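The figures here come from the full heavy-atom set of this structure, side chains too, leaving out hydrogens, waters and symmetry mates. The shown structure was predicted, so the numbers you read here are calculated from the model rather than taken from an experiment. Per chain, numbering begins at 1; letters A, B, ... match sequence-line order.
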2 protein chains.
Amino acid sequence: MRLIVARCEVRYSGRLSAVLPEALRLLVIKADGSVMVHSDAGGYKPENWMSAPTVIEESDGTIEVRKVGGEERLSIRLAEVASDVTHDMGEAAGLQKDGVERHLQELLAEAPHWCGEGFRLVRREWPTDIGPVDLMCRDREDCFVAVEIKRIGTIQAVEQLTRYLERIRLEPGMRDCRGVLAAQVVKPQARVLAESRGIECVEVDLAVLRGEREPELTLFDAA
Amino acid sequence: MRLIVARCEVRYSGRLSAVLPEALRLLVIKADGSVMVHSDAGGYKPENWMSAPTVIEESDGTIEVRKVGGEERLSIRLAEVASDVTHDMGEAAGLQKDGVERHLQELLAEAPHWCGEGFRLVRREWPTDIGPVDLMCRDREDCFVAVEIKRIGTIQAVEQLTRYLERIRLEPGMRDCRGVLAAQVVKPQARVLAESRGIECVEVDLAVLRGEREPELTLFDAA
DNA sequence: ACTTAGATTTCGCCG
DNA sequence: CGGCGAAGTCTAAGT
């Protein structure tokens, strides 16, 4: 993340045309390419901005931001730079997970037995060459279990976990790795697809995970 | 404007309850008291925020933001501060101002005679104990004139200027301070109220101020 | 990918 | 001050 405090003039053209006269402002360039222009008042909404995906070009005193595959353009003319710093905010930034999903992942990482009896955590964000799977656990028989966590378990989630399992099972010693989809709600169609592929579905209750409420037997737990 | 890059946990309660688990984020505290919490991805919208007016309290590792006259509360627990810098972005930033209003103030500060013949600028953002008045000028007779600038001159603007004048006239040597409401458009009811309180109204034309167009006599200028 | 509905919507105007 | 409608709406969810 790059933070620039500068006297600057900003021009936007695209869905409309707008000019911000030269003034002292904060420019934020995020790791994903999104750009915000903020003044020192009037919270929340930037004076101007462009969301990802963008191409950013910088040359002597100007920053040009163009939308990938679009006509939009943000031109920033820097008149006087008061500060220009870049912060590495870690590899986790690029992906950006839903707050709830992330929270779920944390809670389940702390108490993986909610994903299956006797489960123990091996690691969070187990890497594969097509992206990290949320949790890698071992079950009671010491068998590996890849756990994909979603707020809502959809067909896409099953497909995603399937792709991970394909890769993981190529690794030595992981040929029998199982798969579990953990979600607050699992859609019926996702459940059908998952079962046909030998993937287990587990519905988790946030209140129970937090220890605020006792677990109850649901229709599916009883099955 | 204060920029903090820190690993932090953020809790909001008010219109809803939300928790952001500990992560590296950018905190922006603007001069008007508005606060934004941004991650390194996903432009435009902050992960969490509170708009002005707020009261901000800071004590060992935590920042508490409360909405003035409301139940909303933003609690930030700082786990590890990577950077914490404050930029003075000019005294004009203090209150939230519309971009147009700000621009108007800049132009009128440069050419205060548009607020009244013979006016000379004493200073912008003249401080009072209830907030700064936009411009303090002297007229041809060297009498002080407090100028409130608005995009649209409303009853509220007249009330605001009235409150300022009450305070200003208590100061030594300013007992006869006059008041002028300068706006692009002055609402008829605001005009009536202003006149009843001896406050002058002036309609200003942005194009004229910029020197792009010659001034024209309007109905009210002629009065 | 397109469409629709919700948002701590925000923001501005009008009665 | 409350209601209504637009926004470069944005964002998530459903189809």
Side-chain angles (χ1 to χ4, degrees), chain A residues 10-20 30 32 34-39 41-54 65-75 96-102 104 150-159 183-190, chain B residues 10-20 30 32 34-39 41-54 65-76 96-102 150-157 159-160 183-190:
Chain A
V10 181
R11 290 166 184 276
Y12 167 79
S13 64
R15 289 186 254 186
L16 59 75
S17 287
V19 182
L20 298 175
K30 292 189 176 184
D32 66 349
S34 50
V35 178
M36 295 185 298
V37 179
H38 272 280
S39 70
Y44 190 94
K45 194 178 179 181
E47 287 190 294
N48 219 318
W49 74 94
M50 191 170 296
S51 52
T54 61
V65 186
R66 284 173 301 135
K67 188 79 155 209
V68 171
E71 298 301 306
E72 291 175 281
R73 184 197 189 92
L74 194 63
S75 301
Q96 136 210 27
K97 274 201 166 98
D98 186 272
V100 177
E101 179 180 331
R102 191 156 165 176
L104 266 181
K150 286 280 182 250
R151 196 165 73 82
I152 295 173
T154 62
I155 300 254
Q156 286 88 347
V158 178
E159 297 285 15
Q184 286 182 284
V185 180
V186 177
K187 296 286 178 187
Q189 292 178 340
Chain B
V10 181
R11 290 166 183 273
Y12 167 80
S13 64
R15 292 187 253 187
L16 58 73
S17 287
V19 182
L20 299 175
K30 292 189 176 185
D32 66 347
S34 49
V35 176
M36 294 185 298
V37 178
H38 272 279
S39 70
Y44 192 82
K45 194 178 179 180
E47 288 189 294
N48 216 319
W49 73 95
M50 192 170 294
S51 53
T54 62
V65 186
R66 284 174 301 137
K67 188 78 153 211
V68 171
E71 298 301 306
E72 290 174 282
R73 184 195 191 92
L74 194 63
S75 302
I76 304 171
Q96 72 237 37
K97 279 202 162 62
D98 188 279
V100 176
E101 183 179 328
R102 190 161 166 170
K150 288 280 181 245
R151 198 162 72 82
I152 295 172
T154 62
I155 299 254
Q156 286 87 345
E159 298 284 15
Q160 187 180 353
Q184 286 183 287
V185 180
V186 177
K187 297 286 181 186
Q189 292 178 340

task: Please identify each residue that fulfils side-chain hydrogen bond (donor to acceptor under 3.5 Å, both in side chains) with Lys150(B), with sequence neighbours left out.
output: Glu148(B), Gln160(B)
task: Give the rounded distance in Å between these two atoms: CD of Glu159(B) and C1' of dC1(D).
output: 14 Å
message: Could you work out, with side-chain contact (heavy atoms from CB on, under 4.5 Å) as the rule, every residue matching Arg11(B), not counting sequence neighbours?
response: Glu9(B), Val19(B), Ser75(B)
message: Say we look at dC11(C) and dT11(D): how far apart would their P atoms be, to the nearest angstrom?
response: 15 Å
field: Listed partners of Ser34(A) passing side-chain hydrogen bond (donor to acceptor under 3.5 Å, both in side chains), at least two apart
entry: Asp32(A)
- request: List for me each residue that meets side-chain hydrogen bond (donor to acceptor under 3.5 Å, both in side chains) alongside Lys67(B), sequence neighbours excluded, and say none if there are none.
  value: Ser51(B)
query: Can you name the side-chain hydrogen bond (donor to acceptor under 3.5 Å, both in side chains) partners of Glu159(A), sequence neighbours left out?
result: Arg197(A)
- prompt: Can you name the residues that form a ring-ring contact (aromatic ring centres under 6.0 Å, His included) with Tyr44(B), not counting sequence neighbours?
  reply: Trp49(A)
Between the protein and nucleotides 13-15 of chain C, which nitrogen or oxygen pairs are less than 3.5 angstrom apart?
unit_1: dC13(C); atom_1: OP1; unit_2: Arg151(B); atom_2: NH2; d: 2.7
unit_1: dC13(C); atom_1: OP2; unit_2: Arg151(B); atom_2: NH2; d: 3.1

- prompt: Hey, mind stepping through Ile155(B) and Lys187(B) against side-chain contact (heavy atoms from CB on, under 4.5 Å) and telling me if it holds?
  reply: CA-CA 8 Å; Ile155(B) 299 254; Lys187(B) 297 286 181 186; over 6 Å; no
Hey, what are the protein-to-nucleotides 6-8 of chain C N/O distances that come in under 3.5 Å?
unit_1: dT8(C); atom_1: OP1; unit_2: Lys45(B); atom_2: NZ; d: 3.4
unit_1: dT8(C); atom_1: O2; unit_2: Tyr12(B); atom_2: OH; d: 3.4
unit_1: dT8(C); atom_1: O2; unit_2: Arg15(B); atom_2: NH2; d: 3.4
unit_1: dT8(C); atom_1: O2; unit_2: Glu72(B); atom_2: OE2; d: 3.3
unit_1: dT8(C); atom_1: O4; unit_2: Asn48(B); atom_2: OD1; d: 2.1
unit_1: dT8(C); atom_1: O4; unit_2: Trp49(B); atom_2: N; d: 3.2
unit_1: dT8(C); atom_1: O4; unit_2: Trp49(B); atom_2: O; d: 3.3

query: Can you tell me how far CD of Glu71(A) sits from CZ of Arg66(A), rounded to the nearest 0.5 angstrom?
result: 10.5 Å
query: Could you give the NZ-to-C1' distance, from Lys67(A) to dC10(D), as a whole number of Å?
result: 11 Å
query: Partners of Thr54(A) by side-chain contact (heavy atoms from CB on, under 4.5 Å), sequence neighbours excluded?
result: Met50(A), Ile56(A), Val65(A)
DNA chain D: stems of at least 3 consecutive Watson-Crick or G-U pairs whose donor-acceptor distances fall under 3.5 Å: C:1-7 with D:9-15, C:9-15 with D:1-7
task: For the pair Lys30(A) (side chain) and Ser39(B) (backbone), establish whether a donor and an acceptor sit closer than 3.5 Å, ignoring hydrogens and angles.
output: yes
